[in-house]
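On a predicted model such as this, the values are computed, not experimentally measured, just so you know. We count residues from 1, following the sequence as given.
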Amino acid sequence: MAELLAKPDLSLKDHLHEVASLASRLANRLKFPKDLKKRCILAALFHDLGKATLGFQEYMHLIVQGKETEARRRKSRVFPHALASLPFVLVAEKKLLGEPLLATGAVLSHHSPLSGDLYRTWEGKPDYAEEIEEILSWLTQQLANLFPDSSALRKDLKVALEFKPLSLLECKKEEKNRRVSLRGILQELPREDFAKVKAVLCLADWMASAGRRSPKELFLENPRAEVENYLKAFKYTPRKFQQKAGRHSGKSLALRAPTGSGKTEALLLWAGKAERIIYFLPTQATANAMYERLKGIFGAEKVGLAHGHASYILHQENKTDFLWEKLSSSVFAKPVTVATLDQFLMACLHGRHWEEKLTLAASANLIFDEIHLYEPYTLGLLKEALNNFSSKQRAFASATFPKVLRKIFPTEVFLEAEEELFRRRRHRLRLEEVSLTEAIEEIVYRAHRGQRVLVIFNTVREAQSFYRLVREYYPEKVKLFHSRFTFGDRISKEKAVKELEKTEGSILVATQVVEVSLDISYDVLFSELSPLDALVQRLGRVNRRGESPPAETIIFTVVSVGSRRVYSPAILNKSVTFLKNLPEVPEERDWVEAVDNLYEEVEKTEDFRSEFEEGRRTLKEVQKILGCYTIDLTDEEMRERFATRRGTPSVEVLPEKFYSRAVEFKEKGEGWRLVELLVPVPIWWFYAYKDRFFLRDPELGVIVTQLPYSSELGLSEPEDQPLKGYVL
């Protein structure tokens, strides 16, 4: 008898046994109840049984023989093994455990998202190999260890050989005074339980395929000791508020601590008893920085990164084990994961792999840092997501943490840094009722005196224009940093900006991307007016740790038209009012109270309330519509609801000058590097400058732009086409 293969070098029986063993241990570690654990093991034992078809085995043997081209052609005609496994797991689950059919749903969808169209075109009966009889006998023996009354199952499994899988899915029956198909039944499964069973099945399958033999590598053993050892190595004695945070492990926490006072260390000490940690941040740049930081504490092998461009960074770092690193990071499977908040919210909106992400998030301590930086719609999504979320191990943190946000996200403990930190006076405030561009002489003068000068505009266009101007007066030691560089250039510029910070007489011209993305500390700040909470973040880039006398911070209240399209004019006006009431050298506490007052004013507005409620309503509607299905992004209506943020959406485009390099990446099999060459632009540019964008190569899959690009200035708008009424 020929041995049935699951993979070219692994028998089907051995693979099923290994995945079932891993599933059992994962379910134990995740503390699943007995019934769910049994369904996880059942799903694991049957998930790949559909590989016991003549078509799949022929495909496997072609690979063994080195006939890769022929194997690829054969694969497209092989009956999907998840669908071919359906009759057997359905019979077994109904016989041994009854409804809900969690294992059945997990097996059917373990390679494809559960949806109403899944495997819709695969008619007929699979061509099972004769050797499947031996596998069925072995499975019956395995199940006897879990189900003493499973002896009669062998006969039922043999009958299942004659079933047509698609007919099982489509066949309707009477249930609760209505006719419903198996598809409908699976859609309406208990959402959280289905997610758990599918998550364990997929994780066990992926781990077995990657040669990962122990669930232990998904969990932390003693995170507090690792954090404390790291601090000791730098001879750092935790502050009182950091120690208090550690004593509140096990309770939900709201933390307010000034920028540069050690907020991250406090949050990690709070998570000292966690088996898993997920650290959410507002931007990719902040996530990248935290990822590097936490690798230094917990070790590179324990820390994952999850955001839109994470796979590029992981590919650079993990040449040999990239697929596992990418997959485990993307679903929050690493013991410590750093992610953008969007990744969590997209899971709550049932994006791809929502089952694994939400199950693993429920087993972790969740940290939501810089919570004040999200718009009302996003806050509404998060509020609704957490309302019914099973894990209550969560911490929120902010330098200002307004009362409005503490009301939205109530916690058991509210902790502030010690008062002496809020009594610090790090900045000397000056308001100028002119535009920032008029300060060029003072900016250059201060640089000539050796000061490190930070200049922040609200729009890329204004920053680029001012950079060109200042470079004429002061050509050396000047850098420009904003969001409209290619990803590759942006990474290089982040490093260059950090080096520039150490250079006397330097000038950094930037946009609000520096508010939270870089750990930098300049001597003086020149900034366009922005909302108070954003200004506090900007101030955190000057005299960051308060180790010098108060640093000059000059705020220019006459802003460009573009600024008043980026930020609400009403909020800008209110911010000016609060700024004028601040002392010349404010304490940290003064800033906290000012932001608090601003938020109270903003919360009363119809815009805030309607956007917040829209976020909550959207999440409720999506989850109700989908049930256990994954969102279908080809559906325009559902795609619109999948947004995690409001405002102006952006699209990544390829500057034409890099087209040949992009083609070269593709031809070399390095398509993952394409992200190096892409630049985000507001979607309205496609209308404003429609003659500058085109799809040059459909196979490359990116829109090409003829707008000018340089590594010095980034992507620029055409100077001969002034904007008319478009939102920046």
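- Contact annotation: the side chain of R120 approaches that of R183 to within less than 4.5 Å [non-hydrogen atoms, C-beta and beyond].
- The minimum heavy-atom distance between A245 and A266, with the atom names listed, is CB-O, 3.4 Å.
- Look at R39 and E93 and you find a salt bridge, because one of the NZ, NE, NH1 or NH2 atoms lies within 4.0 Å of a carboxylate O, short of that distance.
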- Task: Please step through side-chain hydrogen bond (donor to acceptor under 3.5 Å, both in side chains) for the pair T283 and T286, ending with a clear verdict.
- Result: CA-CA 5 Å; T283 67; T286 50; 2.8 Å; yes
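- A salt bridge is defined here as a Lys NZ or Arg NE, NH1 or NH2 lying under 4.0 Å from an Asp or Glu carboxylate O, and E416 with R256 meets this definition.
- Below 30°, between 30° and 60°, or above 60°: for F612 and F608 the angle between ring planes is below 30°, a parallel geometry.
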- Message: I'd like to know whether Q284 forms a side-chain hydrogen bond (donor to acceptor under 3.5 Å, both in side chains) with H309, so could you lay out the CA-CA distance, the side-chain angles of the two residues, the decisive distance to 0.1 Å, and finally the verdict.
- Response: CA-CA 8 Å; Q284 292 186 14; H309 289 149; 3.2 Å; yes
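- Taking K624 as the reference, nothing meets the salt bridge (charged side-chain N to carboxylate O under 4.0 Å, His left out) condition, with sequence neighbours excluded.
- A salt bridge links K31 with E275: the closest approach of a Lys/Arg side-chain nitrogen to an acidic carboxylate oxygen falls below 4.0 angstrom.
- Atom-to-atom distance recorded for K574:NZ and N597:CG is 11.0 Å, nearest 0.5 angstrom.
- Aromatic ring centres of F344 and F389: separated by under 6.0 Å.
- We find that R641 and E621 are joined by a salt bridge, their nearest charged nitrogen and carboxylate oxygen being less than 4.0 Å apart.
- Between L189 and P100, the closest heavy-atom pair is CD2-CB, 3.8 Å.
- A search for salt bridge (charged side-chain N to carboxylate O under 4.0 Å, His left out) contacts involving E325 returns K334, not counting sequence neighbours.
- A salt bridge links K196 with E192: the closest approach of a Lys/Arg side-chain nitrogen to an acidic carboxylate oxygen falls below 4.0 angstrom.
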- Task: List the steps, then state whether side-chain hydrogen bond (donor to acceptor under 3.5 Å, both in side chains) holds for S115 with D117.
- Result: CA-CA 5 Å; S115 72; D117 291 323; 5.7 Å; no
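- Remark: R490 CZ to L678 CG distance equals 13.5 Å, nearest 0.5 Å.
- Rounding to the nearest 0.5 Å gives a distance of 7.5 Å between CG of L169 and CG of L118.
- Using a 4.0 Å cut-off between a side-chain N of Lys or Arg and a carboxylate O of Asp or Glu, R538 and E528 do not qualify as a salt bridge.
- Residues that satisfy the salt bridge (charged side-chain N to carboxylate O under 4.0 Å, His left out) test with E412, not counting sequence neighbours, are absent from this structure.
- The residues K198 and E356 are annotated as not salt-bridged, no charged nitrogen and carboxylate oxygen being separated by less than 4.0 angstrom.
- Evaluation of the salt bridge (charged side-chain N to carboxylate O under 4.0 Å, His left out) rule for R406 yields no partner, not counting sequence neighbours.
- Under the 6.0 Å distance and 45° angle rule, K37 does not count as a cation-pi partner of F32.
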- Task: May I have the step-by-step check of salt bridge (Lys or Arg N to Asp or Glu O under 4.0 Å) for D635 and R639, ending in yes or no?
- Result: CA-CA 6 Å; D635 182 317; R639 186 169 64 248; over 6 Å; no
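- For the ring-ring contact (aromatic ring centres under 6.0 Å, His included) condition, the pairs that include at least one residue of residues 355-381, sequence neighbours left out, are F280-F368, F368-F396.
- Annotation: K392, atom NZ; neighbour count of heavy atoms from other residues, nucleotides and ligands within 6.0 Å is above 12.
- Judged as a side chain to side chain contact (heavy atoms under 4.5 Å, CB included), and not counting sequence neighbours, the contacts of K620 are E384.
- Between H353 and W206, the ring centre distance stays below 6.0 Å.
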